[in-house]
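In this chain, numbering begins with 1 at the start of the sequence shown. On a predicted model such as this, the values are computed, not experimentally measured, just so you know.
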Amino acid sequence: MRNTSGVIGVAAVYIDNSFNSAALAGMHRAAREHGYRIIILQGSPRSVARRGLGIRRVAGWVAMYTCDGLEELLSDATPAVLFCTPSLGVRYPVVRAENRDSIHRLVEHLVGLGRRRLAYVGLSSSDDFIERARSFEEALSARGLATDLNLLSSFDQCSITYTEQRLGALLDRDGRFCDAIVAGNDEMAMGAINAIRARGYRVPEDIAVVGFDDITAAQHFDPPLTTMRQNPELLGSTSVQRLVEMIEGRAPEQMVTRVPAELVLRRSCGVGAAWEAALNAPEPAGPAVDWHRDVSRQLNVLLAGGTPSPLDQAPRVWPEVEVVVRGLDAALTGAALPDAQELERAFGAAVAYNDRIEVLRAVVKQVERTAARQLAGAKEPDAARRVEIFLDRMHLAQQRALAAWERRSVESLERLVRTSMETSMLLASKQTWRDDRLGWLRHTTMRVACVALWADDPGPGGPELIIDSLRAREPGLEALVRQRAPADVFPPPELIEAAAPDEPSGYLVLLPIVNARRDWGTLAVGGLHTESFADNLQPLSMWTTLLAAAFERYELEAALHAERDMLAAAYERERALSSTVRELGCPVIPLLPGVLLISLIGAIDAARAQQILEAVLSGVAREGARWVLLDVTGVPLVDAETASALVQAAQATRLLGARVSLVGVGPAMAQSMVELGIELRGISIFQSLAAAVRKLTRTAT
């Protein structure tokens with residue numbers, strides 16, 4: 001029977017970058033619109049299935065980037081949608097980027113700029129990167145250019161640091177082997193730029209670089225990155241839309257949905273920013289019929305990156321622009337001007353969308369140009385002074401909004417540093433580990449977090465988790481601590497609710513606390529705020545790695561303490577045994593008239609040798625013995641130190657007029673004596689005590 005719960009599960013191999021944060025935000029938004037909630041489980045479908053978390057709680061799955069183990073994850077006809085993965089046939093709809101046309105547009109743009117030796121770098125294990133590589137070769141072949149610089153197989157990771165190192169090695173080996181690089185994502189493009197510039201080449205003059213995705217950092221990079229702007233939120237929301245259709249018994253509208261991308265031109269390929277072109281575009285001839293509408297559209301175009309488009313198709317990314325337009329109109333007509341706080345809120349929204357100083361300056365410049373043009377026909381006699389006051393307020397509002405944005409970013413980074421430092425303290429402080437394993441989250445604004453550990457004994461339905469520790473903004477969840485929950489219905493509904501699922505970031509993320517040696521359990525966090533670096537998905541993988549290291553450290557420490565206690569107990573037993581042996585000493589037994597038997601047990605060290613010597617001499621003197629039998633049957637081995645002790649005892653005994661014989665010398669001991677070259681002159685040897693007694697009895701008769 002199909003699960004009809006209101007929860008959608010997302011199996012996400014990668015979560016720690018801004019693209020995935022935006023995609024998951026889109027999934028959450030779409031799920032809310034349809035009355036569902038999402039939980040995100042880090043890992044492939046196979047690893048999610050094997051850990052078994054949430055299997056019976058989830059009505060359907062979105063598998064991100066890989067379908068490895070998908071059939072293992074699904075049961076009872078549970079539906080699934082694939083996010084940026086290869087198609088698996090008619091059962092699972094796929095949502096992915098429009099890779100082919102996007103790469104063709106990038107290649108066409110670079111070729112139009114005169115570039116002829118194009119290279120491609122991408123992640124060799126990702127289907128999206130592979131599809132982009134095929135499109136790259138196709139686009140070059142269609143233009144009669146060589147395709148020998150498809151370097152897909154040379155790259156195993158898609159991070160900035162790895163690409164910088166790997167491409168740097170290729171540049172060191174081959175020099176400037178290309179004049180343009182098409183990167184499979186923006187992070188690889190940034191790593192490529194770093195490698196190129198570190199070797200004395202210029203970007204874009206010597207080598208142009210373009211990327212894919214248009215992550216937030218792309219516009220701030222040096223130089224700003226030309227890229228294909230994907231819409232990760234649309235990719236995410238479309239995936240959930242397809243899944244909801246299947247959960248509710250409707251056939252998907254289409255099995256493969258391609259979300260188009262937009263070419264964003266910046267300086268990394270030699271083209272000035274598009275907003276510069278938009279700002280410098282000539283003003284329309286003749287009087288403006290509705291200058292309010294026109295300037296509103298122009299400012300939206302500038303803030304959106306200056307993407308060229310007819311004004312009637314201008315993006316509406318800044319609804320708050322109406323405050324600015326209304327304020328300029330009020331200055332021209334003598335109406336009440338908006339106050340500084342209202343203008344600051346409007347520019348705060350602009351900065352949240354695009355915080356590049358050049359773009360924000362262009363927005364203000366466009367308002368100034370419009371004001372100058374409209375003043376020429378203003379009827380208000382005091383219009384020029386009022387416009388000047390308004391423009392001053394606008395400048396101040398923009399600067400304050402930008403400063404507030406920068407301050408929030410700095411505060412976010414400070415929280416991230418503090419959180420990471422306190423997480424690291426888990427590795428060093430036993431007290432912190434005992435008192436509050438989640439105390440490091442105090443510097444974030446996450447609504448809820450818990451550590452759930454695998455129970456040593458399974459429950460009646462299979463593996464279970466025990467909630468070890470919990471931290472929540474809202475009271476009332478403390479009762480969950482120490483409770484057990486079957487893995488297949490984890491997390492409990494209370495945790496899902498505590499993440500505030502009706503809020504824009506109110507989803508729960510489950511991250512395995514695991515390393516190569518052991519799986520301890522799960523860290524569940526919810527209510528993340530993607531506008532803050534310290535409170536989004538990017539640092540979570542690092543924190544769970546540190547948390548796993550803390551668990552391993554204290555587990556190893558506990559094992560070492562247990563081993564130390566065991567060794568201490570063994571040492572005490574050995575010391576007690578040694579003490580007992582020493583207390584027994586060397587018992588002197590009168591065996592026959594004038595014959596003494598001394599049994600030796602255990603290893604003979606310097607202290608034992610002295611004890612043997614004293615026992616032999618005192619026994620001979622006390623008993624008036626003529627013969628001493630040293631029984632070495634209980635001596636584990638004869639080494640040079642043992643032999644020296646025996647020889648010394650024999651020599652001292654002869655000085656008292658008695659003879660010494662060794663009893664209990666077996667083949668192994670005899671061979672050892674020969675190998676050591678031990679000479680026992682004057683000492684007779686008997687294999688057993690019986691043989692010695694027979695000899696002594698015959699001698700006496």
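- Of the residues D128, T163, D213, the one that meets the side chain to side chain contact (heavy atoms under 4.5 Å, CB included) test with N185 is D213.
- Looking only at atom types and distance, the side chain of T227 has a donor-acceptor partner in the side chain of D186 under 3.5 Å away.
- Looking at W543, its side chain never comes within 3.5 Å of a backbone N or O of W440 through a donor-acceptor pair.
- No side-chain donor-acceptor contact under 3.5 Å links R447 to the backbone of A498.
- Considering every non-hydrogen atom in both C269 and V210, the closest pair reads CB-CG1, 4.0 Å.
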Practice prompt. Go through D329 and R326 one step at a time and tell me if the salt bridge (charged side-chain N to carboxylate O under 4.0 Å, His left out) criterion holds.
Written response: CA-CA 5 Å; D329 183 72; R326 176 166 47 81; over 6 Å; no
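- When the shell of 6.0 Å around OH of Y162 is examined, it contains more than 12 heavy atoms from other residues, nucleotides or ligands.
- Checking side-chain atoms of H34 against main-chain N and O of E245 turns up no donor-acceptor pair under 3.5 Å.
- Counting heavy atoms of neighbouring residues, nucleotides and ligands inside a 6.0 Å radius, atom CD of E388 does not exceed 12 of them.
- Inspection of the Q42 and S541 side chains reveals an N or O donor paired with an N or O acceptor under 3.5 Å.
- Residues H28 and E33 have side chains that never bring a donor and an acceptor to within less than 3.5 angstrom of each other.
- Put simply, the side chain of S268 never gets that close to the backbone of P223: no donor and acceptor are under 3.5 Å apart.
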Worksheet item: Does the pair D101 and R258 meet the rule for a salt bridge (charged side-chain N to carboxylate O under 4.0 Å, His left out), with working shown?
Response: CA-CA 11 Å; D101 289 349; R258 296 276 184 175; over 6 Å; no
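- Looking at T444, its side chain does come within 3.5 Å of a backbone N or O of L441 through a donor-acceptor pair.
- Geometric assessment of R132 against the ring of F129 yields a positive cation-pi assignment under the 6.0 Å and 45° thresholds.
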Practice prompt. Take R471 and D436 through the test salt bridge (charged side-chain N to carboxylate O under 4.0 Å, His left out) and record every step on the way to the result.
Written response: CA-CA 9 Å; R471 188 177 188 87; D436 189 359; 3.2 Å; yes
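- For F347 and W318, the ring centers are positioned less than 6.0 Å apart.
- Using a cutoff of 4.0 Å between basic side-chain nitrogens and carboxylate oxygens, E322 and R316 are scored as salt-bridged.
- The closest donor-acceptor contact from the side chain of S126 to the backbone of L123 lies at 3.5 Å or more, if one exists at all.
- Without hydrogens or angle criteria, N300 side chain to V317 main chain gives a donor-acceptor distance under 3.5 Å.
- For M421, the CE atom sits in a loose shell: 12 or fewer heavy atoms of surrounding residues, nucleotides or ligands are nearer than 6.0 Å.
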Item to complete: I would like to know whether E342 and R345 meet salt bridge (charged side-chain N to carboxylate O under 4.0 Å, His left out); could you show each step before the answer?
Response: CA-CA 5 Å; E342 189 177 9; R345 285 193 294 272; 5.5 Å; no
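- Using a distance-only test at 3.5 Å, with no hydrogens or angles considered, a donor-acceptor pair links the side chain of S505 to the main chain of L528.
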